Every structure is written in C-alpha cells, then in structure tokens.
Amino acid sequence: METAEKYNHRLIEPKWQKRWEEANLYRAIDFDKRPKKYILFEFPYPSGERLHVGHTFSFTGTDVLARFSRMNGFNVLLPIGWDAFGLPAENYAIKTGINPMITTVKNIANSKIQAKHLALSLDWEREISTTEPAYYRWTQWIFLQWYKKGLAKKVEMPINWCPRCKIGLANEEVVAGSCERCGAEVTRKRIKQWVVKITDYADRLMEGLSRTDFIEKVKAAQINWIGKSEGAEIEFAIKGRESKIKVFTTRPDTLYGATFMVLSPEHEIVDQINNDEVKHYVEKSLKKSDLERTDLAKEKTGVFSGLMAVNPVTGKEIPIWISDFVLSTYGTGAIMSVPAHDDRDFAFAKKFGLPIVPVIAAKKEWDFTKAPYLETEKGTSINSEEWNGLPTGEAIKKAVQWLEEKKIGQKTVSYHLRDWIFSRQHYWGEPIPIILCSKCGEVPVPESDLPVELPKVENYQPTETGESPLAGIEGWVKTVCPQCGGPARRETDTMPNWAGSDWYFLRYLDPRNSKAPVDLKKAKYWLPVDIYVGGDEHNTLHLLYSRFTYQFLWDQGFVPKEHPEPYYKRLSHGVILGSDGQRMSKSRGNVINPDVIWEAFGVDALRTYLMFMGPFEGTMTWSQESMEGCYRFIKRVWGLVIGKCELEAEKKAGSGNLNLKRKLHQTIKKVGEDIARMKFNTAVAAMMEFVNVWQEENSELAKEDTGKFLQILAPFAPYLAEELWERLGNNFSIHATNWPEYDKVLIREEMVTVVVQVNGKLREKLTIDNEKREAKDEIEKLAKESERVRKYLADKKIRKVIFVPGRLINFVV
RNA sequence: GGCCAGGUGGCGAAAUGGCAGACGCGUAGGUCUCAAAAACCUAUGUUUCGAAAGAAACUUGAGGGUUCAACUCCCUCCCUGGCCACCA
C-alpha cells in the first residue's frame with residue numbers, strides 16, 4: 001500500500017514566504033476606499049538575543065487579528081519597526097568597542113528574518129528604526145517644538161550619582177542605595193537637566209481617556225499615575241519672621257488637629273536656618289538616594305528647626321520640624337501634621353513626643369494615644385469649634401470657605417505626576433538639538449539643520465564629569481552659534497529611550513516624508529490606532545508620554561484635528577513563563593527559543609499552540625507536551641486534506657455529509673466571533689473539535705467545504721492553509737480571500753436537548769425536535785412522563801414551572 | 001498601605017444567570033508491530049453502593065445573601081499574582 005505524503009514544514013515554509021514577499025500581499029494602501037484598520041504592536045528592541053517567545057506570542061495574536069480583519073474587507077495596516085536606541089547596545093559597545101550602529105544593523109537583520117519566518121502579515125515598506133537619522137530628525141524636531149512653546153527647560157535637579165563610576169544612575173540602577181556596577185554608596189548630585197512639562201497636560205491626559213476604549217486596568221493605571229487630588233493650600237505664619245509656609249492638604253477640615261508642621265529637607269526655609277543640628281540632618285538626608293528615602297520600613301527621623309508656626313484657626317503656636325519623609329516633589333514640600341488621623345504623622349508625633357488632638361469622631365472604641373484613627377472619610381468633626389458635628393464633606397467646604405474669606409488659603413489641586421526628565425548622560429540616544437553660545441545663551445538648532453547626527457566616538461564610557469561621552473568629541477561639540485555666528489558648543493545630553501517610541505506610530509503612516517513627521521491627510525485617513533497591543537509595563541510611562549506628545553502636536557496643528565487622541569483601543573498581552581512556572585531567564589535556563597521550536601515542529605504548530613495556550617491577556621506556562629499536541633493537530637489536518645485530494649482523483653467532488661457540513665458552519669461562526677473578541681484559545685479549540693468530527697465522519701467533506709475550513713484556519717496556520725489551498729486546486733492566495741459566510745439555517749441543529757430540573761436539580765434530559773422548541777405544553781407532558789422525573793414529582797405539588805425554550809424546564813415543588 | 005487582575009479536575013483551561021469541566025496535555029487500557037516510536041481507538045472530577053449494567057451524593061478559595069436556577073450577581077473574609085507606593 002502506498003503511504004500518503006507526510007507533512008513537512010521545512011518544504012512548504014520557504015516556498016510560501018518567497019511567494020508572499022513577491023506578491024507584496026500585505027501592503028496597506030493609503031486612502032483606499034475599504035474601511036481602514038490600524039493594528040499596532042509595540043515595536044521590539046532588537047537585542048542580540050533576537051526575538052524571544054514572548055514577542056512571537058504577542059505578535060502572532062496581533063497578526064491573527066490583522067489577517068482576520070483583512071479577510072473581512074478591511075484595509076489593514078500592520079507595521080513594524082525597531083526601537084533601537086538604549087542602554088543594552090551602549091553597554092555592549094563599552095565592553096567591545098564596537099559602534100552600536102553596527103550591532104544594531106546586525107540585530108535588526110536577524111530579527112527581520114525571524115519576523116518573516118513567523119509569517120507576520122506586515123507591510124515591510126513602512127519599516128522604520130528610531131536610530132536612523134531620517135527618523136530621529138523628527139524626534140529632535142518635536143523637541144524643538146516643545147522648546148519653542150516653553151515646555152522644555154533646563155532645570156537644576158538632584159540625580160543619583162555614583163562617586164566612584166562618576167556617572168548619573170537611573171533609579172533602577174541603584175540597588176539598596178548602592179551603585180549596581182561597583183557597589184559604591186550612591187549620593188545625590190544636583191545637575192542641570194532638560195525637563196519637559198508634561199504636568200501642564202495632566203488634566204487633558206485624564207479627560208482624553210474618555211475618548212478611548214482602553215481596558216479598565218489601563219485607564220486606572222493612567223489615572224493613578226497622574227494622581228489628581230483636590231484639596232487646599234494653607235499659609236502658616238512663622239513666629240518672628242515675615243515669610244510664611246504654604247502647605248497642601250486634602251483635609252482642610254482637620255486644621256484644628258494640626259499640632260505641628262514638617263518641612264522636607266529641600267524646603268527653601270530650611271536654607272535660612274543657622275543651626276548645626278539642622279545642617280547636619282539636611283546634609284545627611286540629601287545624600288540619601290531616593291530608594292533609601294522612600295524605604296517604608298525605616299523609622300522616622302527628623303530634627304526640630306527651632307522655629308514656631310501659628311495654627312491659623314486655633315491661634316496656637318506649633319513647632320516646625322524637618323524630616324525626609326516629606327517629599328519636596330509633591331505638594332508644596334511642607335505639611336501640616338494631624339497625628340490623630342494619619343499614620344506617618346502619628347509615628348512622628350510618638351517618636352518626638354508631640355501633642356495629638358483628635359478632630360474626627362471615632363465610630364468604634366479608640367485610644368488616640370495608642371494609634372491614629374484612619375477611617376475618616378465619612379466622619380464627623382469634633383474639637384473643631386464652629387465645624388463640630390459637620391460630616392466630612394460639609395466640613396471641608398466650610399473650612400475652604402473660611403480660609404478664602406481670611407485670605408490665608410484656597411482650593412487647589414495637586415498631582416502625583418511629575419515633569420519628565422528628558423536628559424540622559426549617555427551616548428546611544430538622540431542628541432538634544434540645542435547650542436550653547438557664550439553671547440546668546442541657549443539657542444535651538446534651526447529646523448533646517450536637523451538632524452543633529454550622532455557622531456562616531458572611540459570610547460562609549462561616560463566622562464569624569466558625568467557628562468555624556470559626546471562631550472569628549474571636541475570636533476563635534478565645537479560649533480558656531482546659529483544666531484550670532486560666534487563660537488558655541490553643542491548640548492551633549494541625549495534623549496531618553498521614550499523619545500523615539502513616543503510617536504513612532506505616526507511615522508508608519510508616512511515613513512519617507514522629509515517635510516514633516518507625518519502628512520496630515522494620511523494621518524487623517526489612518527488615525528486613530530484602532531488596536532494597540534502591548535505589555536503592562538508600558539501602561540503608564542510609555543502610553544502617557546506618547547499621548548502627551550500627540551496631544552501637544554494636536555494643539556500645534558501637526559496632526560489632524562479630527563483625532564484628539566492617538567490610540568482608540570489598548571489591549572495588554574499576557575506573559576509566557578518557562579516550563580518551571582518562572583519568568584524566562586538565561587540564568588534559570590528555562591528560556592524557550594522560538595527558532596528551535598519552529599525548526600522542529602514548524603511555524604504553524606507554534607503559532608497555533610501560542611494562540612491555544614490560554615487567554616491572550618493571561619499569564620501562561622510553557623508546556624512542551626501541549627506544544628506537541630498542537631503539532632499533532634496540524635499533522636491531522638494535513639492528513640485529512642491530503643487524503644481528500646487523493647480520494648478526489650478517483651471519486652470527484654461529493655456533496656459531503658450533512659452533519660459535518662453543519663458542524664463546519666457552526667465552526668465558521670464560532671471562530672469568527674472568537675477572533676473578533678480576541679478569544680484565540682477557544683477559536684483553536686473549536687477548530688480542533690471540528691477536525692475530530694471530521695475524522696470520525698470519515699472524510700466526507702466536499703472540496704468546497706474543505707476550502708472553507710482552510711480559510712478559517714489560515715490566520716493561525718498561514719503556511720499550511722496556503723499549501724493545502726493550492727493542492728485543492730485553488731488560486732493564490734488564500735490570504736487574499738474573503739472570510740467564508742456561514743449558513744444561518746444550516747447551523748440550527750435538528751434536535752435539541754432540553755434539561756428537566758426539579759427544584760433546580762438536573763433529573764432528566766429530553767431530546768426533542770428543534771421545530772418544537774417552543775411547545776411548552778408538549779415538553780411539560782413529556783417531562784412528567786419520564787420515569788426519573790416522576791420519582792421526584794411523586795405526591796408533591798407543582799408550584800411553578802419555568803420554561804426556557806430549547807434549554808430547560810424546571811418544576812418547583 | 002493604594003489600585004488592578006485572579007482563585008474551577010493530576011495540569012493548561014472552557015462556560016458571564018440555564019447540562020460545570022468544551023478543547024488540549026497527562027495517565028490507564030487497547031489496535032497495529034518481532035519490538036519500539038509514530039498514528040489510531042476507548043476510558044478518565046471526587047466519594048459511596050454494586051460482581052456488573054448502573055445508581056446516589058458531593059464538587060468552581062471560605063462563609064453568607066439574591067434567584068425557580070449562581071463559576072457567573074451582591075456582602076464579609078482568606079489566599080495568589082501584577083503595578084504603584086512616606087503623594088499629606
């Protein structure tokens with residue numbers, strides 16, 4: 001007996017990859033009449049390790065959706081690019097001396113081979129890289145627009161500083177107060193940094209969310225990060241001095257309970273205090289890293305300033321303390337302390353023996369000398385003179401009114417969001433396009449001179465002074481002032497990684513434009529991004545910076561006024577853990593390399609498994625056995641269809657089995673609905689179910705119907721579907737066909753199962769003709785006649801009968 | 001501490017008010033084979049009764065509630081994961 005041809009992915013994959021590329025099958029067409037759909041995944045960082053299985057997972061899910069949308073008549077844009085600036089490339093350069101541009105180009109080439117092999121239906125004509133001068137020219141241009149509008153400024157601020165490496169460190173690089181590289185104790189250093197005023201857009205960034213369809217958790221994360229809180233600013237007079245101290249509080253109604261004040265060590269008043277103890281404390285605090293200062297476990301420290309303030313409502317003198325638990329970056333950098341109703345204030349009061357006055361009535365027994373009373377949101381004021389007895393909401397209103405009348409305070413809003421520190425003292429980033437002239441001061445590089453290209457350097461190590469390595473290249477730094485023509489120097493700070501990734505989605509729409517970041521008409525056609533798929537780790541910073549940048553460009557008219565928000569829907573993709581249930585990492589040795597998998601089982605099996613593993617947003621554990629289960633599924637489909645082809649040669653097209661045909665149409669419906677809801681796992685399950693029935697029914701599927709099944713499988717297993725589509729004698733390409741329609745009449749089952757319950761418990765199942773699904777009386781009669789039901793109904797009185805057509809009948813006795 | 005997402009067989013998971021456990025993995029038995037692998041077939045939530053066919057009860061983190069009916073809705077609590085965190 002001759003054996004049927006076996007499935008061999010190694011033969012079909014290269015063949016179709018080539019055909020697809022030649023046919024340019026997935027090009028997105030500007031201004032096409034079909035409805036557009038812009039589907040975007042976060043562009044990858046091309047590291048030396050190339051794409052990992054996490055990338056293949058989220059890219060495949062996005063690709064399935066894109067392919068499905070295309071088959072449903074949409075003009076789909078699915079682009080890719082490379083977020084190629086950043087520290088790993090720079091660190092590699094420091095180690096090896098090889099220019100990051102060289103390694104980047106190499107890594108991109110590798111990743112590209114992988115992305116193509118994975119059969120992503122990308123429009124490669126729109127490929128971009130943030131490190132290309134033609135791209136970062138516009139990243140720099142956006143900076144200049146901020147600068148023009150006064151949103152980008154150079155400000156002196158403290159950074160984490162390693163005195164041994166002589167380098168500024170990001171918060172992540174500080175481990176337990178020490179430098180990650182050398183272990184030296186990290187101190188604070190004040191340097192001038194570029195800062196972008198994202199806080200000006202705090203309200204807009206919150207309001208804009210209502211125009212999006214982000215999943216709830218993303219909206220919540222953004223709102224939390226912006227952290228708007230309404231409250232009041234109150235001025236406290238200092239005894240024996242002219243100056244006053246402003247505090248921010250969300251609870252002006254507790255003013256009677258404010259028994260002391262605390263200033264942050266950075267507060268301006270502190271500088272004016274001439275007291276050794278204070279100086280010593282402040283010096284020590286300023287040296288501490290952010291991490292140390294915000295360590296919750298540590299005991300409160302502090303020092304008395306020697307000054308007294310006056311509580312404006314009680315007229316009493318209260319001491320002013322200094323402590324590093326008060327943040328200089330939030331509110332006014334000073335607080336009024338109400339120890340009776342705040343954890344931190346209470347701890348501080350206890351430690352330094354300060355008075356505690358309760359001002360909110362406790363609803364349970366409470367000893368205010370032992371613990372603070374914190375459930376104050378719906379409380380009632382006490383010990384507060386004219387505010388006594390008022391519920392908190394009323395008391396706040398009354399307090400604000402009083403403060404405003406006396407002109408010592410007013411209603412204000414405070415945000416958690418801080419301005420965006422835009423300077424990096426590193427090499428591998430976009431140079432900030434500013435020139436420093438000794439005569440004219442800060443001068444922006446004229447737009448016509450952009451891009452300011454990153455020069456080649458010999459040494460990528462930051463300098464002794466903490467400046468970026470660019471500072472060491474005299475030939476580049478020395479320039480002429482564009483205003484006066486005199487000698488000047490270039491800014492040597494570079495931009496953060498976020499700068500290039502802020503606006504990349506705009507560049508995809510018009511990647512070769514040399515007049516503007518994006519053409520307005522093209523942007524009007526394609527925007528907003530319909531679906532943006534990314535990781536949870538980017539739900540705050542990246543998404544917020546990106547929305548801010550877009551809103552700013554919108555204000556300036558550089559993006560279409562029809563689209564005030566860039567992204568319509570945001571979805572977060574899940575995470576794949578190693579087979580040990582741990583995060584994949586080289587040191588654990590649990591990394592799954594997609595190349596190895598598709599070499600063994602083929603891309604189609606890998607894609608199918610990735611989609612089948614679990615919900616798209618979930619956390620999933622890699623299972624090699626389950627992977628092989630999907631490989632079996634792919635091979636089974638191959639066997640069935642190839643068998644079919646051979647059968648056909650003898651038998652010609654049959655009409656096929658009606659049951660199987662019904663199952664097929666039900667599957668077409670289910671798979672389509674599931675993909676639209678991003679429920680890829682159940683879509684794959686439905687196809688498996690169909691294949692099981694197919695196998696049982698002995699291949700009695702008409703040729704045309706076999707083709708329909710391949711069409712719904714195509715988004716998941718593009719190679720297999722294309723190959724078998726051809727073998728069935730169809731024209732290239734299955735991926736350019738329309739999604740098959742299902743027969744609304746055919747999908748109805750002839751028989752339905754009606755569940756018979758007694759008091760809600762399942763007692764019997766009846767199989768009835770679907771035509772009779774509404775026939776309540778008949779079904780009730782049938783049910784009562786059943787032996788098993790009778791047992792439970794015997795000598796009981798039926799109080800009620802619940803009937804759900806086609807589903808159940810429930811006797812309540 | 002705050003916010004968010006979860007908790008269902010041996011495992012990954014389905015079901016969003018109407019047959020809990022679809023689909024896949026694993027396991028056991030079988031077919032094929034000299035043998036093995038592959039492939040295919042059958043069984044597979046737990047407990048109890050029964051020689052068996054079969055029958056009964058229990059079962060979605062715990063407890064309560066709403067409902068004829070709850071994995072699903074409401075309340076209280078426990079646990080796990082993620083993000084943020086001395087934010088006044």
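Chain naming here is simple, since letters A, B, ... match the order of the sequence lines and numbering starts at 1 in each. Being a predicted model, the structure only gives us computed values, none of them experimental.
- Among the heavy atoms of the strands lying under 4.0 Å from Asn810(A) is at least one base atom, whether or not backbone atoms are also near.
- Glycosidic conformation at G63(B) (O4'-C1'-N9-C4 for purines, O4'-C1'-N1-C2 for pyrimidines): anti, more than 90° from 0.
- For Leu762(A), taking side-chain heavy atoms from C-beta onward, the closest of the listed nucleotides C86(B), G24(B), C19(B) is C19(B).
- Of the two residues near RNA chain B, Val684(A) and Lys670(A), the one whose nearest nucleotide lies more 5' is Lys670(A).
- Going from atom CE of Met687(A) over to atom P of A22(B) covers 19 Å, rounded to whole Å.
- A search for salt bridge (Lys or Arg N to Asp or Glu O under 4.0 Å) contacts involving Arg636(A) returns nothing, not counting sequence neighbours.
- Counting non-hydrogen atoms under 4.0 angstrom, Asn692(A) reaches the backbone sugars and phosphates but no base.
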Evaluate the side chain to side chain donor-acceptor pair (under 3.5 Å) criterion for residues Thr376(A) and Arg251(A): first the C-alpha distance (whole Å), next the side-chain angles of each, then the deciding distance (0.1 Å), finally the verdict. CA-CA 10 Å; Thr376(A) 54; Arg251(A) 295 298 296 273; 3.1 Å; yes
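- Taking atom CD of Glu764(A) as the reference point, atom P of C19(B) lies 16 Å away to the nearest angstrom.
- Checking C87(B), C25(B), C86(B) against the side-chain heavy atoms of Phe325(A) singles out C86(B) as nearest.
- Rounded to a whole Å, the CH2 atom of Trp225(A) is 9 Å from the C1' atom of C83(B).
- Atom pair Met613(A):CE and G24(B):P shows a separation of 17 Å (rounding to whole Å applied).
- Considering only side-chain atoms of Ala220(A), the nucleotide from C3(B), A15(B), C40(B) that sits closest is C3(B).
- There is a side-chain donor-acceptor pair under 3.5 Å between Gln624(A) and Trp622(A).
- The nearest whole Å value for the distance from the CG atom in Asn759(A) to the C1' atom in U67(B) is 13 Å.
- Using a 4.0 Å heavy-atom criterion, one finds that Val262(A) contacts no nucleic acid atom at all.
- Here the C1' atom of nucleotide A85(B) and the OH atom of Tyr415(A) are 20 Å apart, to the nearest Å.
- Residues Pro265(A) and Tyr281(A) share a closest heavy-atom pair of CG-CE2, 4.5 Å.
- Backbone-only engagement by Arg763(A) is indicated by non-hydrogen atom pairs under 4.0 Å involving sugar-phosphate atoms exclusively.
- Considering only side-chain atoms of Arg418(A), the nucleotide from C87(B), A56(B), C40(B) that sits closest is C87(B).
- With RNA chain B read from its 5' end, the first of the two nearest nucleotides for Asp536(A) and Thr332(A) is the one closest to Asp536(A).
- For Tyr373(A) and Phe368(A), the distance between ring centers is not under 6.0 angstrom.
- Atom CZ in Phe348(A) sits roughly 17 Å away from atom P in C86(B) (whole-Å rounding).
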